[in-house]
Structures are given as structure tokens and as C-alpha cells.
Amino acid sequence: MSVYAKCVDATMPAFEPEEWIEEGKVYPVKHFTEPLNQGEGFAVTIVDEDGVEIHPSASHWSFASTRFEMYTLHLN
């Protein structure tokens, strides 16, 4: 199973991110976990085309799942 995240909300956060996401772009998901500081959704760690993780900053390693439409691909 592979998980992908299509960005539907690329609005900038209150802080200035080092790396950011593009609306409409689909990213492979490396992993996702429950968030530490959000009441809904979960934290998503995504990677670029080369498999390198995208981190908004040194203190923010994941994105909120509410910024994405999540898709799973199952291969037999």
C-alpha cells in the first residue's frame, strides 16, 4: 500500500517556512501520526520526487493532514 497527499491548502503559516507545499501537487507520504498540537486531523510527513522529506522548519517536521486530500494505492 502506498499513501499520497494532494495539497488543497497551501496558505502560508504564521511562521516563515524553509520549505513549503504547492496547491494541486501530489506528494508521496512517508508516514503520518497523531498531531501534538492540533485538535483534528493528523500530522503528515511528505517527500519530494527524489524521496527527500519536506520539513517546513527545524521545529516543524510535518504538515497538518487538513491541508491535503489523502489517497491510498493498493497493489496486488
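Just so it is clear, the structure is predicted and the values come from calculations on it, not from any experiment. Note that the numbering runs from 1 along the sequence shown for the chain.
Looking at every heavy atom in both residues, Ile54 comes nearest to Val47 through CD1-C, 4.1 Å. Contact between Thr66 and Val8 at its shortest, heavy atoms only, is O-CG2, 4.3 Å.
A side-chain donor-acceptor contact under 3.5 Å links Asp48 to the backbone of Asp50.
Listed by chain and residue number, Phe42 satisfy the ring pair (Phe, Tyr, Trp, His ring centres under 6.0 Å) test with Phe32 (two or more places apart in sequence, or in another chain). Residues satisfying the side chain to side chain donor-acceptor pair (under 3.5 Å) criterion with Ser2, sequence neighbours excluded, are absent altogether. Partners of Asp9 under the salt bridge (charged side-chain N to carboxylate O under 4.0 Å, His left out) rule, at least two apart in sequence or in another chain, are Arg67. In this structure Tyr4 satisfies the side chain to side chain donor-acceptor pair (under 3.5 Å) test with no other residue, sequence neighbours excluded. Every residue two or more places apart in sequence or in another chain that forms a ring pair (Phe, Tyr, Trp, His ring centres under 6.0 Å) with His55 is listed here: Trp61. In this view, Thr72 and Met1, Val3, His74 satisfy the side chain to side chain contact (heavy atoms under 4.5 Å, CB included) rule, not counting sequence neighbours.
A continuous path of ILVMFWY side-chain contacts below 4.5 Å connects Met12 to Phe63, so both sit in one hydrophobic cluster. Both Met70 and Ile21 are part of a single hydrophobic cluster, where members link through side-chain heavy atoms under 4.5 Å apart.
For residues 20-31, the side-chain hydrogen bond (donor to acceptor under 3.5 Å, both in side chains) pairs, not counting sequence neighbours, are Lys25-Glu49, Lys30-Glu53.
Side-chain contact between Lys6 and Phe68 is absent, with no heavy atoms from C-beta onward closer than 4.5 Å. In this structure, the side chains of Val44 and Ser62 stay at 4.5 Å or more apart for every pair of heavy atoms.
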